[in-house]
Colleague: 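Submitted below is the structure of interest, expressed as structure tokens.
Proteins come first, then strands; the chains are lettered A, B, ... in the order of their sequence lines, and each starts at number 1.
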Protein chains: 2
Amino acid sequence: MTSKQYNSVWFREPRKPAGSSPGRSREEIVAAAMELLDAEGLAGLSMRKLGARLGAGATSLYWYVAHKDELLELVYDEIWGEMTAPDPEEVGWRNAASIVAHSMRQVILRHRWSADLIGRLPALGPNSLMVADQTRKTFKLAGFAGADIDYANATLTAFVFGMTIPEVAWDTAMAGYDYDGDDLRQTVAKVAADYPDLSDAISATDYEDPRVMRELCFDFGLVSVLDGLERRLVT
Amino acid sequence: MTSKQYNSVWFREPRKPAGSSPGRSREEIVAAAMELLDAEGLAGLSMRKLGARLGAGATSLYWYVAHKDELLELVYDEIWGEMTAPDPEEVGWRNAASIVAHSMRQVILRHRWSADLIGRLPALGPNSLMVADQTRKTFKLAGFAGADIDYANATLTAFVFGMTIPEVAWDTAMAGYDYDGDDLRQTVAKVAADYPDLSDAISATDYEDPRVMRELCFDFGLVSVLDGLERRLVT
DNA sequence: ACCTGAACACCGTTCAAGT
DNA sequence: ACCTGAACACCGTTCAAGT
């Protein structure tokens, strides 16, 4: 029964106040890591490769970061920094919620490796907090009170993440497929042969571009979730 | 531009028809893998350790499975096998949806390693398909038609997964905390100091058991999602 | 048909030593 | 204060060889 405390990068000061002269800074390291991640995915990020990209020895990073997970926490927060969370006072709570939802999705689709980090890492960085604060404001303005503010907030982000993460997985699974994926669909239909209803549905989606279908699916779900939340407000 | 086809374990026959005499079978391997996963988590499952547990050489597994990902596909489908998807004809579509949602959540909380697999692996095993077929039936019975059936289906599971995966992450992050986590909450509040609203909310949840709070949050979100979906039906 | 062992190309992380 | 190199304890996977 070890009683080790949980530790996040955000719980301690960076070793470099980000403005000194020699050596590297967190910013450089994070930027290089993002480049590597965007180019090669999560599996492509190793401490050695990142060190090499920075023109440094493989293990020099350990002076700036306690371990790889801390590095991941840092790049994870960058993701949150790319999200647009508009002021609900200006656009109304429903619009604000819609916009942030679409924005979250877009960011994940842009940085596909982030899908693997979401829900694995705690989101305690400054950017995450900024977004969380803004969405909280959004649901407060909508009329929620007390814990319901957080519940509504959690419901929306759960939907967005739950919808988007598998999208990324499917995309990467089908990467390298030249055709529109007809033979894949056929194979899947064969596996589902025991369930006539299911396999009918699979073949039926034949003619649609998967990207527009997912877009439609996301919109359908989003308005449903927002309607459902709105329903909590009428008392 | 390599045009490698996507391949799932489920797209090819197992090497053993599961009833022969010598050697191991997929069933044994999967069962042992599940034990290892439940005991040590995803990081604790290595081909070498699994081989050892089966009293075999480290690399003997490669005769039954093409690579580790295939093994993961197999154990992943076991997860789906533990879910309860009741017949909507008997309990009504809303009940059926509620029950399957809670069941999904419970299964994930029971096998925490599955949280890392969801959305990373395609769900094409027999158990996944059975659940998918049943939930499709549920939304069909509710009155959805065409693509909307799948959209509603996707919305519900997105919510459940998006809600539950982070739950697991928080739990494992705080594993080893003896106290009720007061000091953690304090630390988090300090990090969020710039956002008075947010940090107030964090301290306000003080007295509650996180487990019951999550339960409440899940229920709140679930009825919201179901209400929202139901709203799509009135035309 | 099934399993082994050695080997390859990687990992994250530690740590004494350098400047 | 910052970085290096060697070393440790792991990985997944391949493959020739055994029975």
Colleague: Based on Watson-Crick and G-U pairs with both distances under 3.5 Å, what dot-bracket line describes DNA chain C 5' to 3', crossing pairs as [ ] and inter-strand pairs as |?
Modeller: ||.|||||...|||||.||
Colleague: Hey, are A:R112 and A:E167 close enough for a salt bridge, meaning a charged N less than 4.0 Å from a carboxylate O?
Modeller: no
Colleague: How far does CG of A:L42 sit from CG of A:L36, to the nearest 0.5 angstrom?
Modeller: 11.0 Å
Colleague: Consider only side-chain N and O atoms of A:H111 and A:E78, and report whether a donor and an acceptor are under 3.5 Å apart.
Modeller: no
Colleague: Charged N to carboxylate O below 4.0 Å: is that the case for B:D200 and A:R136?
Modeller: no
Colleague: side-chain contact (heavy atoms from CB on, under 4.5 Å) for A:W10 and A:L129? Distances and angles first, verdict last.
Modeller: CA-CA 11 Å; A:W10 310 111; A:L129 293 178; over 6 Å; no
Colleague: Separation of A:Y64 atom OH from D:dA1 atom P, in whole Å?
Modeller: 12 Å
Colleague: Heavy-atom count around B:M130 CE within 6.0 Å, excluding the residue itself: above 12?
Modeller: no
Colleague: So how far is it from A:L50 CG to A:R48 CZ, rounded to the nearest 0.5 Å?
Modeller: 12.5 Å
Colleague: Look up atom CG in A:L61 and atom CG in A:L54, then write down how far apart they are to the nearest 0.5 Å.
Modeller: 6.5 Å
Colleague: Quick one: B:E28 CD to C:dC2 P, roughly how many Å, whole number?
Modeller: 12 Å
Colleague: Might you list the N or O atoms of the protein lying below 3.5 Å from N or O atoms in nucleotides 12-16 of chain D, with each pair's distance?
Modeller:
unit_1, atom_1, unit_2, atom_2, d
D:dG12, OP1, B:K68, NZ, 2.8
D:dG12, OP2, B:M47, N, 3.0
D:dG12, N7, B:R48, NH2, 2.5
D:dG12, O6, B:R48, NH2, 2.5
D:dT13, OP2, B:Y62, OH, 2.8
D:dT13, OP2, B:K68, N, 2.8
D:dT13, O5', B:Y62, OH, 3.4

Colleague: Measure CH2/A:W63 against P/D:dA1 and give the value in whole Å, please.
Modeller: 7 Å
